[in-house]
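Below you'll find the structure, written out as structure tokens, and then a few comments.
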Amino acid sequence: MDAKFRIRRFNPERDQKPYWAEYTVKDVEGTDTVLDCLHRIKWEQDGTLTLRRSCAHGVCGSDAMRINGVNKLACKTLLQTLNLNRPIQVEPILGLKVIKDLVVDFEPFFEHYRAVMPYFVPNTPVPQDGRERRQSPEDRARFDDTTKCILCACCTTSCPSFWASGEYVGPAAIVNAHRFIFDSRDGATNERLNILAEPGGVWRCRTIFNCTPACPREIEVTRAIGEVKLAIQRGVR
Amino acid sequence: MATLVTTITETLRYRGKIGQYSWAFHRLSGLGIVLFLILHVIDTSWAAFYPELYGKAIQEYQSPLFTIGEFFLVAAVVYHAMNGLRIIFFDYRPHLWHLQQKAAVGVFAASAIILLPTFIIMLGHTIDFWDRPAEEREVASLMDIIGTQSQFLLGFIVIIGVALAASFVMSLINGDEREARVVPKRPSQVDAWLWSFMRWSGVLIVPLVFGHLAMIHLIGSVFDINHAGAEVVGTTAINESGRAAEFVGRRWDHLVAGVAVWRIYDGLLLALVVIHGFNGLRYVVNDYAHNKIVNRAFNWAIVFGGAALIILGMAALIAGVDETAYRIASDLSNAASATVQNTTSPFGG
Ligand code: HEM
Ligand code: HEM
Ligand code: FES
């Protein structure tokens, strides 16, 4: 079985504008991932193809790309989930500047991430025994879903509001704020809510729901954003 | 502005789920209704201030071009309303997000179910109108329409041009380089408030605008507005002169227990819809206009334009239609024999 690929390529040092390049990868199996095929193209056919990846197992969040029109991790996308009768389209995620081929500049994305204070700010002194701050299972469950984010940017770059304006902090930053806003041990809830109530914050979300299916970790992204909006309106519940 | 093109092309290319298309239609329908609303409030104010001109405007509304536009307008209002209710529901019940896809399909289905009988009735009114004897209907010609509508276009261009110039002057005076972004301790509550406003105003607008459209498109029709002898919808009065201004005047002067119900109704609708629609415009502008001067110009145009529209609409509601205007007109036409042409208009037209 062969798989055809159409890959959006761009080398700013050489190309005026991006173009589509076609490749055929021979003898693939349904259990191969798109990342496997991109590796084979790079290693066997065209060493100039540039992409970012690290773990190859859906943990590091390096290889988000738009595959057949939808944001996915190449390493988690099996060929058997795609239609191989047509070329598989692979292009960089949208809304961040393309550095080369499938590699985009993540700096604005991380800047938004840092803006929401994505770290624990204790609201109590260190416990007497010097060990961890305890929390009931229910309190822990409140934000369990949003601890799963790997910062791959699949959600943020699937969002038409983010395409429209890079000023929008985007779903990923809000998910990571949610993780601390709803943590009973955290003391910086109001600061985070204030940051997200600014013009670049949650009010730019139009509940389009592109982010939720884009998440490779199945985080309920739009729900998290909705809960943050309500928390700004009437406090954390 | 570049991101506007990107967003349009990529919304077509990105294989999002149905929510993406719901959003595109919500935005397009909202913008379409706002555009109509601006013309509509200006037109309606003529009933009070330039009754002759209002008559001409209604004749334009009766032309085939506008009739087609009306079907689109009604569809836009119905879809936007249904979809708006869906958005509001999930905003306040985010944990039910897994029902969102079904709800989005349901919105399209509900809109179709509402629109089908609506369109049949509207089509019926349209056919009845074109069945009338030719001398009983007088619609505006295409050239008239282009003539008047191009003035609106010119008006928009002038307003945006003035706003751009003012914003540019402002940047010269102020020096826009003072960029230092300070995170305020307590951010402005305006956006949070407007977010809530978009939702509760939406809920209130649903019955108001549906009632308005039902009166004008189902119970009555656009073709009844200047139909002599027709009952004025929502009142017990008859439009004797067959002047469009009389129709509006009769409605605004209709009292229930001493209260001018349609004035209050229209005033509520006016205020809610203009603020809702213009804040929606602001959302769209802030998405796509990134140049500081351009963005500020559009925001000014929106704030001043919205305020001006509300003032104009309210002024018309308060002034009302001069009753003697259509009294004289109907007396004249009653007195006049069939041979006397109705050119002796008391409005000097
Ligand atoms: C083609 C469709 C429509 C027609 C023919 C129409 C007709 C009219 C008429 C005859 C009036 C005069 C007052 C009255 O009768 O109550 C009026 C007023 C008004 N209509 Fe409509 N309408 C239409 C659609 C809409 C829509 C979609 C909206 C809301 C977005 C709307 C908002 C208003 C408002 C706010 C007023 C009061 C204006 C003022 O105070 O000056 N109309 N309309
Ligand atoms: C009929 C009842 C209506 C309901 C339930 C409704 C509901 C809504 C809601 C909930 C939003 C916010 C969307 C968001 O924040 O993502 C919205 C946006 C908007 N509405 Fe309405 N609305 C209604 C009528 C109208 C009317 C009559 C107009 C025009 C005058 C209008 C124009 C707009 C515009 C331009 C937007 C902004 C769209 C965007 O940002 O994508 N709406 N509407
Ligand atoms: S390569 Fe690490 S997530 Fe795919």
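By convention in this document, chain letters (A, B, ...) are assigned in the order of the sequence lines, proteins followed by strands, and residues within each chain are numbered from 1.
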Checking heavy atoms, do the side chain of A:N68, its backbone, both or neither come under 4.5 Å from chain B?
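Just its backbone gets close to chain B.
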Which atoms of A:Q233 come close to chain B, meaning under 4.5 Å heavy atom to heavy atom: side chain ones, backbone ones, both, or neither?
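A:Q233 touches chain B through side-chain heavy atoms alone.
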I'd like to know which of A:A214, A:G69, A:A224 tops the heavy-atom pair count under 4.5 Å against chain B.
A:G69
Below 4.5 Å, heavy-atom pairs only: which of A:K229, A:R66, A:E227 has the largest tally toward chain B?
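When all of A:K229, A:R66, A:E227 are compared, A:R66 has the most.
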Value rounded to 0.5 Å, distance of [atom1] in [X] from [atom2] in [Y]:
X      : Y      : atom1 : atom2 : result
B:L194 : B:I275 : CG    : CD1   : 9.0 Å
B:F89  : B:L99  : CZ    : CG    : 7.0 Å
A:T50  : A:N11  : OG1   : CG    : 7.5 Å

In this structure, are over 12 heavy atoms from other groups packed under 6.0 Å from [X] atom [atom1]?
X      : atom1 : answer
B:F25  : CZ    : no
B:F156 : CZ    : yes
B:F304 : CZ    : no

Chain A contact via [X] - side chain, backbone, both or neither, heavy atoms under 4.5 Å:
X      : value
B:Y92  : both
B:H95  : both
B:Q100 : side chain
B:S22  : neither

Do any of residues 150-174 of chain A come closer than 4.5 Å to chain B, heavy atom to heavy atom, and if so which ones, in number order?
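Hits under 4.5 Å: A:S158, A:P160, A:W163, A:A164, A:S165.
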What are the residues of residues 81-120 of chain A, in order of number, with any heavy atom under 4.5 angstrom from a heavy atom of chain B?
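Expected list: A:Q89, A:E91, A:L94.
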Any donor-acceptor pair under 3.5 Å linking the side-chain atoms of [Y] with those of [X]?
X      : Y      : answer
B:N299 : B:N295 : yes
B:N279 : B:Y283 : yes
A:N176 : A:R179 : no

Please report the closest heavy-atom contact between A:Q135 and A:S184, naming both atoms and the distance.
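Scanning both residues completely, I find the closest heavy atoms to be NE2-OG, 2.9 Å.
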Using a strict threshold of under 4.0 Å (side-chain N to carboxylate O), is an ion pair present between A:D186 and A:R192?
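The answer is yes: the pair qualifies as a salt bridge.
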Can we say A:D63 and A:K76 salt-bridge, meaning some charged N sits less than 4.0 Å from an Asp/Glu carboxylate O?
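Between A:K76 and A:D63 there is no salt bridge, as every charged N stays at least 4.0 Å from the carboxylate O atoms.
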